[in-house]
Amino acid sequence: MVGMFATHRPHRLNRLGVSRCRLLRVEGRDLHVADLDALDGTPVLDIKPYMREFAPQTPVRQPGWSSDLMRDYYRPVTEGPAGP
């Protein structure tokens, strides 16, 4: 078990999050993105370019369970009921 602050659930006490995504296209004032870690309808407060210099400069350490949990995180969602 992990605490609430160790999750990305929508029921977190503080709903602010930091996420990186891919910019697909710009149409006027609309930004179309992919791989954004947010629920539909989530307000976006700020956008910034991602630069390698902002990334961790040392290897990132995380427990094995988190890699298992995130393995299919960005897998496209399919319509309809789940398979067997």
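Values below: every heavy atom of this structure, side chains too, minus hydrogens, waters and symmetry copies. These figures come from a predicted structure and were not determined experimentally. Start at 1 with the first residue, then count along the sequence.
- Separating the CG atom in Leu36 from the CG atom in Leu31 is a distance of 10.5 Å, to the nearest 0.5 Å.
- Residue pairs meeting the side-chain hydrogen bond (donor to acceptor under 3.5 Å, both in side chains) criterion with at least one partner in residues 19-34, sequence neighbours excluded, are Arg22-Asp35, Arg25-Glu27, Arg25-His32, Glu27-His32.
- In this structure, CG on Asp68 lies 8.0 Å from OG on Ser66, to the nearest 0.5 angstrom.
- More than 12 heavy atoms of other residues, nucleotides or ligands sit less than 6.0 Å from atom CG of Leu24.
- With Gln57 contributing its side chain and Ala55 its backbone, the two residues share a donor-acceptor pair below 3.5 Å.
- Placement of Ile47 and Val26 within a single hydrophobic cluster is found when ILVMFWY residues are connected by side-chain heavy-atom separations under 4.5 Å, directly or transitively.
- Here the shortest heavy-atom pairing between Ala34 and Cys21 reads O-CB, 3.2 Å.
- Both Val44 and Leu23 are assigned to one and the same hydrophobic cluster, defined by single-linkage of ILVMFWY side chains at heavy-atom distances under 4.5 Å.
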